[in-house]
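Computed from a predicted model, the values in this text were never measured in an experiment.
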Amino acid sequence: DAICIVITGYATIELAVDAVKRGAYDFLSKPFTSDQLLVAVKQGLERRRLRRETAELDACRRRADDLARAKSEIEKLERTKSQFMLTVAHELRAPAAAVQSYVNLILNGYINGPELHDTMTRIQHRLQELLDLIADLLQLAHLKEAKDAPSPTLSPQPVADILEEVAGLMQEQSRQKNQHLDVQILAR
């Protein structure tokens with residue numbers, strides 16, 4: 001960052017050219033006046049100031065470009081998030097509106113007797129759709145949470161206990177779907 005001014009008593013054109021090629025700002029040959037030296041120093045300092053300002057301006061431009069790209073990414077993510085929220089709201093609303101319609105029909109006395117069982121089955125089906133969608137959303141939230149969380153330290157886990165726990169949770173769902181879930185854990 002220093003400004004180099006070469007002062008010599010053995011001035012030649014070749015020496016001056018070589019000094020400038022090696023990074024000297026100016027080349028003064030003896031004898032010179034103090035005014036010549038002051039002018040060379042002032043010009044050298046001005047050049048250094050301009051070089052620093054140019055470097056700062058370039059750094060500001062790079063930061064501005066980085067910020068513009070980040071802003072664009074954030075806006076894109078916000079648009080995607082908004083679209084996702086609209087889709088989720090629509091998907092949640094459809095089964096809820098269907099259940100509400102069925103319940104209103106029942107409450108207003110339009111459905112009774114043998115039709116009541118069919119309608120309740122439809123309500124149950126629509127509520128299951130709603131619960132499945134909510135479960136998917138919760139799983140998505142857990143995946144995001146897991147992605148953002150620091151990586152846990154891995155250690156051996158008792159797989160048999162985990163399988164038994166999962167099988168216990170899945171038994172009710174399989175029973176509701178008239179399915180049989182059989183889990184056999186051979187090793188302990």
Side-chain angles (χ1 to χ4, degrees), residues 1-97 127-166 169-170 173:
D1 199 30
I3 299 297
C4 180
I5 299 173
V6 176
I7 299 173
T8 183
Y10 303 102
T12 64
I13 299 284
E14 293 83 21
L15 187 59
V17 169
D18 188 45
V20 171
K21 282 182 181 178
R22 292 176 182 245
Y25 171 70
D26 205 350
F27 187 89
L28 296 177
S29 60
K30 293 180 185 176
F32 59 87
T33 65
S34 60
D35 288 340
Q36 288 174 315
L37 179 59
L38 285 173
V39 166
V41 169
K42 285 181 182 178
Q43 288 175 345
L45 291 174
E46 180 64 15
R47 179 178 182 194
R48 182 177 73 173
R49 184 187 67 77
L50 290 173
R51 200 175 337 153
R52 284 182 176 173
E53 286 180 3
T54 301
E56 288 174 10
L57 184 60
D58 289 343
C60 286
R61 284 185 184 134
R62 284 191 300 275
R63 283 193 298 265
D65 289 345
D66 291 345
L67 289 173
R69 279 191 296 277
K71 180 180 182 257
S72 175
E73 272 301 309
I74 288 171
E75 288 171 349
K76 182 180 174 184
L77 288 172
E78 283 298 318
R79 285 190 301 272
T80 303
K81 181 180 172 183
S82 293
Q83 184 62 42
F84 177 75
M85 295 299 281
L86 287 171
T87 303
V88 167
H90 175 74
E91 292 295 322
L92 287 172
R93 189 170 188 218
L127 285 174
Q128 187 59 50
E129 287 177 7
L130 196 56
L131 288 173
D132 289 344
L133 186 57
I134 291 170
D136 290 345
L137 290 172
L138 288 172
Q139 186 176 13
L140 182 64
H142 288 301
L143 288 175
K144 167 126 178 56
E145 208 174 271
K147 180 183 152 260
D148 294 341
S151 297
T153 324
L154 300 178
S155 63
Q157 297 293 318
V159 176
D161 294 344
I162 295 171
L163 286 174
E164 285 179 0
E165 183 180 339
V166 171
L169 294 172
M170 301 304 288
Q173 288 182 7

With sequence neighbours excluded, tell me which residues meet side-chain hydrogen bond (donor to acceptor under 3.5 Å, both in side chains) with [X].
X      : answer
Arg69  : Asp66
Asp132 : Gln128
Arg47  : none
Gln83  : none

Which atoms form the tightest heavy-atom contact between [X] and [Y], and what is the distance?
X      : Y      : value
Ala40  : Leu28  : CB-CD1, 4.3 Å
Ile3   : Leu45  : CG1-N, 4.5 Å
Phe84  : Leu140 : CZ-CD2, 3.6 Å
Leu130 : Pro95  : CD1-CG, 4.0 Å
Gly23  : Cys4   : O-CB, 4.5 Å

Residues in salt bridge (Lys or Arg N to Asp or Glu O under 4.0 Å) with [X], at least two apart?
X     : answer
Arg62 : none
Glu73 : none
Lys81 : none
Arg48 : none

Which atom pairs, donor and acceptor, lie under 3.5 Å between side-chain atoms of residues 50-59 and protein residues at least two apart or in another chain?
{"unit_1": "Arg52", "atom_1": "NE", "unit_2": "Asp1", "atom_2": "OD2", "d": "2.9"}
{"unit_1": "Arg52", "atom_1": "NH2", "unit_2": "Asp1", "atom_2": "OD2", "d": "2.3"}
{"unit_1": "Glu53", "atom_1": "OE1", "unit_2": "Arg49", "atom_2": "NH1", "d": "3.1"}
{"unit_1": "Glu53", "atom_1": "OE2", "unit_2": "Arg49", "atom_2": "NH1", "d": "2.5"}
{"unit_1": "Thr54", "atom_1": "OG1", "unit_2": "Leu50", "atom_2": "O", "d": "2.8"}

Requested in this report: Answer yes or no: are there more than 12 heavy-atom neighbours, outside Ile13 itself, under 6.0 Å from its atom CD1?
Outcome: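 At most 12 heavy atoms, drawn from other residues, nucleotides or ligands, come within 6.0 Å of this atom.
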Query raised in the report: How many angstroms lie between NE2 in His142 and CG in Leu137, if you round to the nearest 0.5 Å?
Result: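 Between His142 NE2 and Leu137 CG, I get 11.0 Å after rounding to 0.5 Å.
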**Report entry** By side chain to side chain contact (heavy atoms under 4.5 Å, CB included) - contacts of Ala97 (at least two apart)
**Finding:**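 For Ala97 there are no side chain to side chain contact (heavy atoms under 4.5 Å, CB included) partners, ignoring immediate neighbours.
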Query raised in the report: With sequence neighbours excluded, what pairs up with Val20 under the side chain to side chain contact (heavy atoms under 4.5 Å, CB included) test?
Result: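 With sequence neighbours excluded, Val20 shows a side chain to side chain contact (heavy atoms under 4.5 Å, CB included) to no residue whatsoever.
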Report task. Please answer whether the main-chain N or O of Ala68 pairs with a side-chain N or O of Ser72 as donor and acceptor at a distance below 3.5 Å. Result ->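 It does not hold such a pair.
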Query raised in the report: Looking at side-chain heavy atoms only, is the closest gap between Thr8 and Phe27 below 4.5 Å?
Result: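 When only atoms from C-beta onward are counted, Phe27 and Thr8 do touch, with a gap below 4.5 Å.
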Report task. Kindly state each residue pair satisfying salt bridge (charged side-chain N to carboxylate O under 4.0 Å, His left out) with at least one member in residues 13-42, sequence neighbours excluded. Result ->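 Listed once each, the pairs are Asp18-Arg22.
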Query - Candidate pair Leu15 and Val6, rule side chain to side chain contact (heavy atoms under 4.5 Å, CB included), full reasoning - result: CA-CA 10 Å; Leu15 187 59; Val6 176; over 6 Å; no
